[in-house]
Amino acid sequence: MKNYEDYVSHLAKIADVGNSIAVLSWDQEVMMPPKGAEKRAQQISTLAGIHHELSAQEDFGKLLEQLVKDNSLSDKQKRNVSESLTEFEKNNKYTTVFVQEMSKTVSQAFQAWNKAKKEDDFKLFEPYLEKLVKLKREECELLGYENHPYDALIDLYEPKTTVAELDVLFADVKNQLVDFVKQIADAPQNEDALMRQHYPKEKQLAFTELVLEKMGYDFEAGRQDISSHPFSTSFSPEDSRVTTRVSEEDLSEILWSSIHEGGHALYEQGLKVENYGLPAGTYLSLGMHESQSRLWENNVGRSLSFWKYFYPKLQEAFPDNLKNYSVVDFYKAMNIVQPSFIRTNADELTYHFHVLIRYEIEKELILGNIEVSDLPRVWNEKYKAYLNIDVPSDSKGVLQDIHWSHGSFGYFPTYSLGSFYAAQFFHKAQEQIENLEEKIEQGNYTELLDWLRTNIHQYGRLYSASELCERVTGEKLNFTYFMQYAKAKYEKLYALQATEKLITN
Ligand code: CO
């Protein structure tokens with residue numbers, strides 16, 4: 001390997017192997033018969049080994065070090081190389097012993113977590129989680145950090161974002177959102193029974209395909225299938241897929257799964273195919289990915305304007321279920337705010353408390369200020385404090401999510417970052433696209449998608465998340481935009497302003 005062309009083709013090779021793993025994983029979730037599981041695990045593990053060898057190859061590292069000093073490269077090429085070098089160096093900080101120990105512990109912890117959740121017995125998971133936390137602390141030291149060890153873990157999912165920045169954001173969540181959700185809880189509640197009627201599966205699928213198509217999702221470069229946990233996956237910008245979940249007794253399952261995953265897939269379809277395998281052709285961060293799904297799901301998909309266009313079509317598909325409900329009834333039903341135990345079912349406001357709680361816990365766990373054995377108690381106390389609910393069991397509490405059993409610490413904040421970036425981007429899009437609201441009411445998303453493509457998708461990793469945010473919106477990530485959006489929307493939905501006026505009069 002001698003020059004930039006060699007670098008590009010080596011990265012394409014790494015991407016080919018990585019994307020092949022992704023195809024096998026997609027198949028495993030969507031298509032594979034049960035008996036295929038054992039050999040599939042072997043196939044994926046073999047490819048993962050090849051992927052690692054290619055990524056860590058010594059002469060690849062030497063090439064990166066040489067290219068990073070090469071002044072004949074363009075700015076874009078330099079950026080690609082420096083991103084690759086950072087990743088290469090990060091991978092090389094892990095010792096073989098550590099990687100093996102981690103992978104063994106994760107597979108034990110995952111099994112223990114499954115059993116513990118089923119039997120509602122945290123004690124079964126506790127020793128493995130203890131081991132994992134210990135390994136995670138070691139990982140922080142291996143990777144290195146400037147201020148807080150947890151910075152090293154956040155960096156794995158949201159590069160260059162730190163505890164110092166997240167503390168500011170989550171302090172805002174605490175100071176502003178807790179009270180607002182309380183106001184909503186004290187207001188007269190809305191009704192969502194219309195969602196829970198019998199909705200035949202095939203018609204639901206056909207409807208979401210229409211929605212995806214209107215959003216600009218290219219079915220020649222993707223497809224929608226069913227899986228138990230909805231996800232999106234991409235093998236290139238020309239094959240970027242979504243899965244969704246259907247319940248015949250609850251229409252909301254499929255709607256938010258399809259629109260959310262559709263938003264993720266639009267991001268992947270918007271990366272430039274000529275940058276295949278390069279940092280410039282790779283999504284920026286998990287938070288930025290999530291900003292694209294949340295923007296479509298919440299800012300667009302849960303708006304009245306969106307349903308002014310789609311609701312008549314939905315009524316056409318399900319006339320018996322919906323003929324007696326207006327679009328406003330439907331809009332209210334999809335935006336119920338209600339504190340609950342389970343993060344994945346949470347509304348777009350209380351959702352952030354689930355993230356905040358885990359963020360606080362993870363940070364302290366890594367520092368050693370909370371012991372693993374204290375987790376169920378700490379968890380339940382925080383749910384009481386922030387959401388005012390009593391967690392009925394550890395299965396519905398501290399054991400609900402898979403992330404910790406996978407060793408994914410530092411991951412959760414990206415969910416909230418996604419919503420906050422989405423609100424800030426959408427605010428800017430409203431400023432820059434003339435009559436965006438009317439266009440959404442007409443089912444016309446062409447300009448919005450173009451705006452996202454031009455401002456966000458096309459760059460991949462050419463900027464950091466905060467650089468990109470500043471380029472697009474003129475400032476760094478700012479929680480105010482989310483709060484403005486939330487207030488404008490939910491004060492109307494729950495008639496909060498009217499109540500305030502009554503009081504002041
Ligand atoms: Co998502």
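Counting starts at 1 for both ligands and their atoms, in listed order.
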* Is Glu467 paired with Arg461 through a side-chain N to carboxylate O contact shorter than 4.0 Å? -> no
* **Charged N-O contact under 4.0 Å between Glu297 and Arg302** => yes
* **Electrostatic pair Asp401-Arg358, nearest N-O below 4.0 angstrom** => yes
* Is the distance from the Co ion (ligand 1) to some N, O or S atom of His264 under 2.8 Å? -> yes
* **Salt-bridge contact Asp27-Arg40 (side-chain N to carboxylate O under 4.0 Å)** => yes
* **Glu261 backbone or side-chain N/O/S under 2.8 Å from the Co ion (ligand 1)** => no
* Asked: For Glu290, what is the atom name of its N, O or S atom nearest to the Co ion (ligand 1)?
  -> OE1
